[in-house]
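Worksheet: one structure, shown below.
Sequence lines set the chain letters: A, B, ... in the order given, protein chains first and strands last, and positions in each chain run from 1. All values below were derived from every heavy atom in this structure, side-chain atoms included, with hydrogens, water molecules and symmetry-related copies excluded.
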Amino acid sequence: MDPSYLDILNPEQRKAVLHEGLDGRDRPGGPWKNLTARRPLLILAGAGSGKTRVITTKIAYLIRERGVDPRSIMAVTFTNKAAREMAARARLIENRASAAMIRTFHSFGAWFLRRHAALAGLDSGFVIYDDDDMVSLLGTVMEDASKAELRETAALIARAKDFFLSPEDPELDRISCHDRFRKNYAKYEEKLQKIGNVDFGDLIQKPLKLLEDNPDLARRFHDRFTVIMVDEYQDSNAAQFKLLSRMAGGPETYLCVVGDDDQSIYRFRGADVKNILRFSDHFPGTEIIRLERNYRSFSQILALASSVVDHNCGRLGKTLRAERGAGKLPTLAFLANQDEEAAFCAELVERSVRTGKAKGYSDWAILYRTNAQSLGFETELLHRSIPYKVVGSLKFYQREEIKDALALLALLLNPRDEVAFRRIINKPARGIGAVALDRILKALYGASPSGGGLVDIAKELSLSAKAAAGIKSFAAVMDRAAAVLGGASPPPYRDPPIRYGEGLSACVGSLIIDSALAEYHGFHDEINGLQRIGNLQELVDASSNYKGGREGLVEFMEHIELDRSIDADAENHDSVTLITLHNTKGLEFPRVIITGLEQGVFPRDDKTGDDLEEERRLFYVGATRAMEELYLCSCTFRRVYGRTSPMPPSLFLYEADKTMLEVIGQAPAGFGKSPRQPWRGREQGVFAFGSPSGGAGLKMSSDKRWKQGDRIFHDDQGYGAVIDITEGDDGPVILVRFDNGQEKRFLSFHQSGNYMKIGAGD
DNA sequence: TAGTTTTAAGTTTTT
DNA sequence: CTTAAAACTA
């Protein structure tokens, strides 16, 4: 093959591809192996500067020109979509790239953990718990907690794991300084370990621990993976950084990361921009290459996007040059309400396709802040028969019937899965109530922990006749399913409610029927006119793409757990893309509409400080997806909770460079002038620190704890200072002396950024 | 006690 | 307008 794939690169891109970290000794032709330490490479790549092209080309180049074994190359990203695209594009240049390890961080973690499961005290068929499963499990250790409380604790545990903090870690106070949280976290961990499953955080944590505790394993790892690349590095969190450092710690490992600090949008799940800002401090000798030529967007789109993100403080700052012409001025449309907004979008799409200005529906993407907003657009597009696809809506796997079916499968893989067992053991009713369930679980976690599964344990107990019969029939169901998984043919059914075919679907389909789940949900369908059987059928159909047997089932489950998007065959269909702003990262579209640019929606009202900066970056990410045309929509009224209320335009619209916008529709009075904070929180009882203490690096720890003398602001009382802190049942209670002389106590329960919401104390 | 009806509460963003 | 918790009925 000719090296023309290198010719299309610009000088900086080419430099990044050819870089080998050998101080001028980058000699194509020489051997890649047998070398001492290589300098790491940090590629600071602005939006649309071709960073995916650089990474994929580099992978291909290493394999083809430098004789690197594809199996020794690892490339990780943070989203499934990005991983898929990277793998596809690398393979397009060099077919052997398909043997490279191109995955998301979490998917790699799962792969690694399954291969060394025994070392981590796990079975290789472990199930990955999602957020809902975490909440369910927490519910079993926090007896009288409300759902909201459980959700909050689950989120905190996930955050703790993002920072690689164990329940014992003194630094855990950074997440929450409640002693109760520490205890619940510890109990949760203990139970998860006993069950033998993992959560998302464990997919990073546990591989890291394995590498730390097993020098032998680490050595073998370093022998295998000599090239490690990370895309979207600005979205890595502390745990991922630690894992990466460990993985790249081999004597020969070459590390190359790519990212853009302006596109860091995952702070809420622990991502830390500092990882990229301080990369060269952690990896001495790092070489930095900047990609600052934007090939994607017309310059006026870029100018608009930049004018907003320029309002951020903590950034490296870069000069992104547009290589394309000026193009059409971005349009800002003020619409009456969200129905008008949907109609406006549909109209734009329809007209452009009809007049031939757009190549097709797939030219278009409609972007929104929250998944809930997709509904209005779906309705409108459906009504007008405009084809569309919704990216990343996870509704399907949230459905009751689907979760039930997955619980059955999870139990098949891990018979000790308490969460799954609880979910389906009495569904449909098998006479196993709270009493029986309690006894079974006591036996599982009892003094002499048995190695058997929950069903086996239950069979040994002397339960009530009704419960014993229920267990017996359920055990038979699971045994038959295990046999089918092992290759036996499923029991015969006449007129089955679910059809199943080859591969894994024989097991999945027959289990759903055999367990009477199909019958159960079919009944509900008839009563309530639902589509549950149809959904179950869809799940069974999806499973037919996997080979039968335990391996296939593990693969199927893992795919569902790690990648809940369902865009498999919609790829080549010509349709409009409906997508959240977060999900657009790494994608591009000729025509983009950013919707819901209203204060309270985007950005949300409670965003301040660093969180507000993140929303601004989110706007930047969304706007820079557009190649040719960009539209912004803002509604003057919006229905929220069923009630219609007036919406002020988004702060970002005030910040945007108006010379880069063509405004259409009725702009609210006052728009265009300098804003007098129309977006200020109307909420009562909102606190703000007068001056956030501590430098940026210590922000988290200093924010999470009250100190005497902290200045605060209260909507009713004005400015004041914390004069005393006591530990209450529900967390710290602060005594505040306001400047007006009043003293009041407050119970703090939630805090984010520089603001603190408080509930009235005694 | 299980399943259904009534009433109250409450929207991020993803692996 | 949807979803979770409380109240209610069979």
task: Please report, rounded to the nearest Å, how far the P atom of B:dT15 is from the CZ atom of A:F105.
output: 15 Å
- request: Using whole Å, report how far CG of A:D132 lies from P of B:dT14.
  value: 14 Å
field: Selection from B:dT14, B:dT11, C:dA4 that lies nearest to any side-chain heavy atom of A:K147
entry: C:dA4
- request: Among B:dT13, B:dG3, B:dT12, find the nucleotide with the atom closest to the side chain of A:R604.
  value: B:dT12
query: To the nearest angstrom, how far is A:N80 atom CG from B:dT14 atom C1'?
result: 10 Å
query: Are A:N535 and A:H521 linked by a side-chain donor-acceptor pair shorter than 3.5 Å?
result: no
task: Compare the minimum distances between each of B:dT15, B:dT13, C:dA5 and the side chain of A:T370, then state the nucleotide with the smallest one.
output: B:dT13
query: How far does the P atom of C:dA5 sit from the matching atom of B:dT12, given to the nearest Å?
result: 15 Å
- prompt: For DNA chain B, whose closest nucleotide is more 5', that of A:L562 or that of A:R639?
  reply: A:R639
- prompt: Checking all strands, does A:D131 fall into the base, sugar-phosphate, or nothing category for heavy-atom contacts under 4.0 angstrom?
  reply: base
message: side chain to side chain donor-acceptor pair (under 3.5 Å), that's the test. Do A:Q234 and A:E232 meet it? Break it down for me.
response: CA-CA 5 Å; A:Q234 74 280 355; A:E232 308 283 10; 2.9 Å; yes
Spacing of A:K81 atom NZ relative to B:dT14 atom P, expressed in whole Å: 13 Å
query: Are A:R616 and A:D611 within salt-bridge range, i.e. N to O under 4.0 Å?
result: no
field: A:E614 and A:R617 ion-paired at < 4.0 Å
entry: yes
task: Tell whether A:R369 reaches the base of B:dT13 with its side chain through a donor-acceptor pair below 3.5 angstrom.
output: yes
Watson-Crick/G-U partner (both atom distances under 3.5 Å) of B:dT11: none
query: Rounding to a whole Å, what distance do you find between A:L367:CG and B:dT12:C1'?
result: 15 Å
task: Check whether any side-chain N or O of A:N371 sits under 4.0 Å from OP1 or OP2 of B:dT12, and answer yes or no.
output: no
- prompt: Side chain of A:N312, backbone of A:E613: donor and acceptor closer than 3.5 Å?
  reply: yes
- prompt: Nearest of B:dT15, B:dT11, B:dG3 to any side-chain atom of A:N583?
  reply: B:dT15
- request: Go through the steps to decide whether A:Y129 and A:D417 satisfy the test side chain to side chain donor-acceptor pair (under 3.5 Å), and finish with yes or no.
  value: CA-CA 10 Å; A:Y129 275 175; A:D417 188 335; 2.3 Å; yes
- prompt: Between B:dT15 atom P and A:Q398 atom CD, what is the distance in whole Å?
  reply: 13 Å
message: Measure CZ/A:F268 against P/B:dT15 and give the value in whole Å, please.
response: 9 Å
Gap between atoms NE2 and P, on A:H582 and B:dT12 respectively (whole Å): 13 Å
query: With rounding to whole Å, what would you report as the distance between B:dT13 and C:dA4 at their C1' atoms?
result: 22 Å
message: Using a 4.0 Å heavy-atom cut-off, does A:F78 contact any base of the nucleic acid, only the sugar-phosphate backbone, or nothing at all?
response: sugar-phosphate
- prompt: Any side-chain N or O of A:S146 less than 4.0 Å from the OP1 or OP2 oxygen of C:dA5?
  reply: no
query: Is there a stack between A:Y641 and C:dC1, judged by ring centres under 5.5 Å and planes under 30°?
result: no
